[in-house]
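Owing to the predicted nature of the structure, the values given are computational and were not obtained by experimental measurement.
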Amino acid sequence: MFKVPTSNPDVPYGTLQIAKEMFRLFDEENLGVEKILVMAGHEDGIICFGKDLDEAANILRNKRE
């Protein structure tokens, strides 16, 4: 957490507030470039994305190193 864009830990998963947090991360944390985020209010809340599955997997792999 907090090494990549991370949602506010006080915002619960599955709520309208977490959707607003996603927009905030795009605006404030360069999420469109980072392409990975942590939903701090969710036990398994790591999301990464790319143009395809290979790109998303590479982003996740590179952040772990």
Asks: In Å and rounded to the nearest 0.5 Å, what is the CD1 to CD1 distance from Ile59 to Ile47?
Replies: 13.0 Å
Asks: Could you state the interatomic distance from SG (Cys48) to CG (Leu60), rounded to the nearest 0.5 Å?
Replies: 4.5 Å
Asks: What's the shortest heavy-atom distance between Ala56 and Gly50, and which atoms?
Replies: CB-N, 4.0 Å
Asks: In a table with atom names and distances, give each donor-acceptor pair under 3.5 Å that connects a side chain of residues 25-39 to protein atoms at least two apart or in another chain.
Replies:
unit_1 : atom_1 : unit_2 : atom_2 : d
Glu28  : OE1    : Arg24  : NH1    : 3.1
Glu34  : OE1    : Lys63  : NZ     : 3.0
Lys35  : NZ     : Glu55  : OE2    : 2.9

Asks: Is the number of heavy atoms from other residues, nucleotides or ligands within 6.0 Å of OH (Tyr13) greater than 12?
Replies: no
Asks: Please report the shortest heavy-atom distance between Ala40 and Pro9, naming the atom on each side.
Replies: CB-CA, 3.6 Å
Asks: Sorted by first residue and then second, give each salt bridge (charged side-chain N to carboxylate O under 4.0 Å, His left out) pair with at least one member in residues 8-17; sequence neighbours left out.
Replies: none
Asks: Roughly how far apart are Thr6 OG1 and Glu21 CD, rounded to 0.5 Å?
Replies: 10.0 Å
